[in-house]
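Every value quoted in this text rests on a predicted model; they were computed, and no experiment measured them. Convention: sequence-line order gives letters A, B, ...; per-chain numbering from 1.
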Amino acid sequence: MEEIRATRLEKVAEIKSLGLKPYAYKWESTHRTTELQAKYADLGKGEEMGDRVAVAGRIIARRVFGKLAFFSLQDEVGTIQLYLDKKRIDAAMSDLPQAFAQLKKLTDVGDILGVEGTIKRTDKGELSVNVTNYTILTKSLLPLPDKWHGLTDTEKRYRQRYVDLIVNPESRQIFRRRAKITAAIRRYLEQRDFLEIETPVLQSEAGGAEARPFITYHNTLEMDLYLRIATELHLKRLVVGGFEKVFELGRIFRNEGVSTRHNPEFTSIEVYQAYGDYQDMMNLTEDLIKTVAEEVIEARSVNYQGKNINLQTPWRRETMHNLVLEVTGLDFTQFPDPETAKTACQEAGIEIAEGCNELGKMLNEAFEQKVEATLIQPTFVLDYPMEISPLAKPHRSKAGLVERFELFIVGRELANGFSELTDPIDQRQRLEAQAAKKAAGDLEAHNLDEDFLAALEYGMPPTVGLGIGIDRLVMLLTDAASIRDAIAFPLLKSQSKAINSFDYDSTKEILRVEFQNGSVYQYLDVPSSVYKELKDSPSVGQYFNSSIRDKFGFNREV
RNA sequence: GGGUCGCUAACUCAACGGUAGAGUAUCCGGCUUUUAACCGGCAAGUUCUGGGUUCGAAUCCCAGGCGACCCA
């Protein structure tokens, strides 16, 4: 509301006129609020301590009386009450006439305040700072949401995360925990001599996964670049180069849809260990996740959306074939040909795409459609079909399969790992097959990365790799229902901009549009017929959204 | 991509074809032990956007925007 903002700006001016700074430079606290709460937990009602303390934080509630006031002050970790006594403050702050009255008059909920005082537990039992001096550190101009209902509108929580973080402590808790999780993962790996090495985000070919990349453009090199869809191929190059234990925890970009489980940019960790196989990596995975959970949530089990997940190791390990057999009754080792399998699948209610005639793909479909959702407790699924795993080493004893595992918890894929394919000739053939699929129109098929193949030809030791979806791990350990709750600033569509005005240069065919937010864009090569339709449209905004935005090139003017 | 639901004051929500309202917050007044403080008063709106139906639309219809959930 403009009015609230205006009155607060007046207060800013008043603060300045008193010779104070509404936007201060520095404050030294002696404690955080939770430290005070812990230190004086045993202080009795009505008792007071002489210790001088200083704290700072945001005012989240004000209860003001004639000559006495109570504020609730919130810092990053908690809250504490301020006991504000007119006599005491006026006496201590003799430089500022009517210091108490000014405090009442000039502060609002939302302001950031620093105070000094002593510790006192009020007669009602609330631990408080009995304030002698206060300093307004930052004057807030915009009102905070309702203190009781808070901010519940999901969209606003994501779009204005800072407001969400101010008013919803549980939201702050998720990101605090997320930071602890990534720190614990790094600590775990570093203790075991893994080295974190950063690999490029901008790549001339995006490889290492089946996914569509984002495309960007380098101006001076005049070339298209892709944002990475995996760190796999570069980390393997490092293994070729002689690093035996490497990992990278970082952002991955996939040009895919958005859902409660997918954000186009997400965080993954990939880990590579030379001289190990996928059994070793399963051991590491379960120990890593169990250890991180113990460090971060101090428990061996976790409650996720009402389900109790037991993280006690060892976790179940079962082959994909056996799981499909168990759930659907279909035994994929017994089908004489793809046709029989297809018919059996369809009878079991599994949808198989028209052109699909690969047994491995059908097995995977059966698994995804019927089994995945049932894997609530931690389960390693083993031995995947070769068709869907072009970078994995063939199984040492089962034809047509690879030595690969995926970890499922609460019905979701959380990790993926395999004994890496180290045979450069085999790898070339498999990537060539992928490239052929890509040429045939499969947008997600792998690229053929000649340099990666060259690296393999120099020789890579037997190696096992692992990838973990960090966002999903955070979801699990914070009981977050949506991935957007686990990402501080999830990708959201930009809100449509209202148009203020527009004009048209008919000789240059430039349409100049001024938006309500003040930005001005020039849309290029816009035919006069389009301008005419825009002008005559009953709804300029609607016509603009449907027929001009995204349809014409543009330059930003302001 | 399909379906369902939502969008009204800064926040949380009413009003369901007939004068747009409440609580909280703000603003003014009162109050020295409150903690969703209390009491009294004032002010606050592009009902997401654009069309349509109607004497009359927040409400019904159409199109669009954004979001949530479910499904693929």
Side-chain angles (χ1 to χ4, degrees), chain A residues 1-11 45-48 59-74 79-90 100-101 104-111 120-128 130 140-160 163-164 166-168 256-262 305 349-353 365 368-369 372-373 481-485 490-500 516 534 536-550:
Chain A
M1 217 193 319
E2 271 312 304
E3 216 171 298
I4 292 182
R5 193 161 170 275
T7 46
R8 295 205 180 178
L9 279 169
E10 281 169 26
K11 291 180 185 179
K45 279 186 188 174
E47 285 181 46
E48 196 157 357
I59 302 170
I60 55 164
R62 279 163 36 102
R63 297 176 289 281
V64 179
F65 301 80
K67 294 172 182 163
L68 180 69
F70 299 92
F71 288 4
S72 300
L73 202 69
Q74 169 179 278
T79 63
I80 194 158
Q81 176 168 277
L82 305 182
Y83 181 96
L84 301 152
D85 176 7
K86 181 175 191 296
K87 261 191 232 162
R88 188 177 166 104
I89 290 173
D90 284 347
F100 180 76
K104 281 207 296 187
K105 195 167 135 200
L106 297 177
T107 63
D108 291 288
V109 167
D111 291 352
K120 147 177 193 149
R121 191 174 291 281
T122 62
D123 298 342
K124 297 287 168 73
E126 185 73 25
L127 189 73
S128 309
N130 189 356
S140 162
L141 300 181
L142 296 175
L144 288 176
D146 190 301
K147 68 182 166 204
W148 183 242
H149 298 99
L151 187 66
T152 58
D153 184 314
T154 327
E155 183 178 354
K156 281 208 178 86
R157 286 187 48 230
Y158 298 150
R159 285 195 195 278
Q160 294 191 283
V163 178
D164 178 41
I166 291 169
V167 298
N168 294 323
E256 294 170 346
V258 174
S259 79
T260 46
R261 289 178 297 280
H262 300 85
Q305 305 290 301
I350 298 156
E351 285 179 39
I352 302 292
E365 283 298 321
E368 286 186 356
Q369 291 178 37
E372 269 190 22
S482 166
I483 196 169
R484 285 186 283 267
D485 293 319
L491 184 72
L492 297 172
K493 278 200 193 183
S494 65
Q495 284 173 319
S496 63
K497 297 172 185 169
I499 291 179
N500 245 358
Q516 227 156 50
L534 176 68
D536 297 339
S537 168
S539 164
V540 170
Q542 193 169 326
Y543 183 83
F544 175 79
N545 279 337
S546 62
S547 305
I548 297 178
R549 186 169 77 175
D550 304 331

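Put simply, the side chain of D123(A) does not reach to within 4.5 Å of the side chain of K45(A), judged on heavy atoms. Side-chain contact between P145(A) and V163(A) is present, with at least one heavy-atom pair separated by less than 4.5 Å. The closest side-chain heavy-atom distance from K493(A) to V258(A) is not below 4.5 Å. Two residues are said to be in side-chain contact when any heavy atoms from C-beta on lie closer than 4.5 Å; R62(A) and K147(A) fail this criterion.
Using a 4.0 Å heavy-atom cutoff across all strands shown, G257(A) reaches no nucleic acid atom at all. Using a 4.0 Å heavy-atom criterion, one finds that S72(A) contacts no nucleic acid atom at all. Within the 4.0 angstrom heavy-atom criterion, only backbone atoms of the sugar-phosphate kind lie near K11(A); the bases stay farther away. Within 4.0 Å of K86(A), counting heavy atoms only, lies no atom of the nucleic acid at all.
Side chain of S259(A) to backbone of R261(A): a donor-acceptor contact under 3.5 angstrom is found. Checked by atom type and distance alone, the side chain of K104(A) pairs as donor or acceptor with a backbone atom of G66(A) at under 3.5 Å. Formation of a donor-acceptor pair under 3.5 Å by the T7(A) side chain with backbone atoms of I4(A) is found in this model. A donor-acceptor contact shorter than 3.5 Å links the side chain of Q74(A) to the backbone of I166(A). Judged purely by atom type and a 3.5 angstrom limit, Q81(A) has no side-chain atom pairing as donor or acceptor with the backbone of F70(A).
Taking atom C1' on both nucleotides, rU46(B) is separated from rA9(B) by 13 Å, rounded to a whole Å. Between the P atoms of rG17(B) and rG6(B), the separation comes to 15 Å (whole Å). Here the separation of rC71(B) from rU53(B), taken at their P atoms, is 41 Å to the nearest Å. Nucleotides rA43(B) and rU35(B) place their C1' atoms 28 Å apart, quoted to the nearest Å. Between rA58(B) and rG45(B), the two P atoms lie 16 Å apart (nearest whole Å). Rounded to whole Å, the separation between the P atoms of rC13(B) and rG52(B) comes to 33 Å. Taking atom C1' in both rA15(B) and rA57(B), the straight-line distance is 13 Å, to the nearest Å. Taking atom C1' on both rG50(B) and rC7(B), the two are 16 Å apart, rounded to the nearest angstrom.
Each of rU33(B), rU24(B), rU26(B) was ranked by its minimum atom distance to the side chain of D108(A); first place goes to rU26(B). For P145(A), whose side chain is taken as the heavy atoms from C-beta onward, the closest listed nucleotide among rC11(B), rU32(B), rU33(B) is rC11(B). Checked against rU35(B), rG23(B), rU26(B), the side chain of Q81(A) finds its nearest nucleotide in rU35(B). With rU12(B), rU32(B), rU33(B) as the choices, the nucleotide that has an atom nearest any side-chain atom of D85(A) turns out to be rU32(B).
With rounding to whole Å, D146(A) atom CG is found 7 Å from rA25(B) atom C1'. With rounding to whole Å, F71(A) atom CZ is found 17 Å from rA36(B) atom P. Counting to the nearest Å, the P atom of rC48(B) and the NZ atom of K156(A) are 11 Å from each other. If you take CG of L9(A) and P of rU26(B), they are 17 Å apart, rounded to a whole angstrom. Atoms CG (L127(A)) and P (rU35(B)) sit 18 Å apart, rounded to a whole Å. Look at CD on Q160(A): it is 18 Å from P on rC66(B), rounded to the nearest Å. rU35(B) atom C1' lies 15 Å from atom CD of Q74(A), rounded to whole Å. Atom C1' of nucleotide rA25(B) and atom CD of E3(A) are separated by 13 Å, given to the nearest angstrom.
Contact check, K67(A) against rC31(B): no side-chain N or O comes under 4.0 Å of OP1 or OP2.
The partner of rA37(B) cannot be assigned: no Watson-Crick or G-U wobble pair with both contacts below 3.5 Å exists in any strand. The base-pairing partner of rU12(B), taking Watson-Crick or G-U wobble contacts with both distances under 3.5 Å, is rA22(B). In this structure rC60(B) sits in a base pair with rG52(B), meeting the Watson-Crick or G-U test at under 3.5 Å. Within the shown strands, nothing qualifies as a pairing partner of rU46(B) under the Watson-Crick or G-U definition with both distances less than 3.5 Å. Partner assigned to rC66(B) is rG6(B), using Watson-Crick or G-U wobble distances below 3.5 angstrom.
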Can you check side chain to side chain contact (heavy atoms under 4.5 Å, CB included) on F71(A) and V64(A), steps first, answer last?
CA-CA 8 Å; F71(A) 288 4; V64(A) 179; 4.1 Å; yes
Would L84(A) and L68(A) count as a side chain to side chain contact (heavy atoms under 4.5 Å, CB included) if you check the C-alpha gap in whole Å, the side-chain angles of each, and the deciding distance to 0.1 Å?
CA-CA 6 Å; L84(A) 301 152; L68(A) 180 69; 5.9 Å; no
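Nearest heavy-atom pair, E155(A) versus L492(A), reported as atom, atom and distance to 0.1 Å: O-CD1, 4.5 Å.
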Base versus backbone protein contacts along nucleotides 67-72 of chain B [heavy-atom cut-off under 4.0 Å; B, S, -]:
SSS--S
For nucleotides 37-40 of chain B, give me every protein contact, N/O to N/O, under 3.5 Å, one pair per line with atom names.
from	atom 1	to	atom 2	distance (Å)
rA37(B)	OP1	K147(A)	NZ	2.0
rA37(B)	OP2	R63(A)	NH1	3.4
rA37(B)	N6	V64(A)	O	3.3

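Both K105(A) and G66(A) lie close to RNA chain B; mapped to their nearest nucleotides by heavy-atom distance, the more 5′-ward contact belongs to K105(A).
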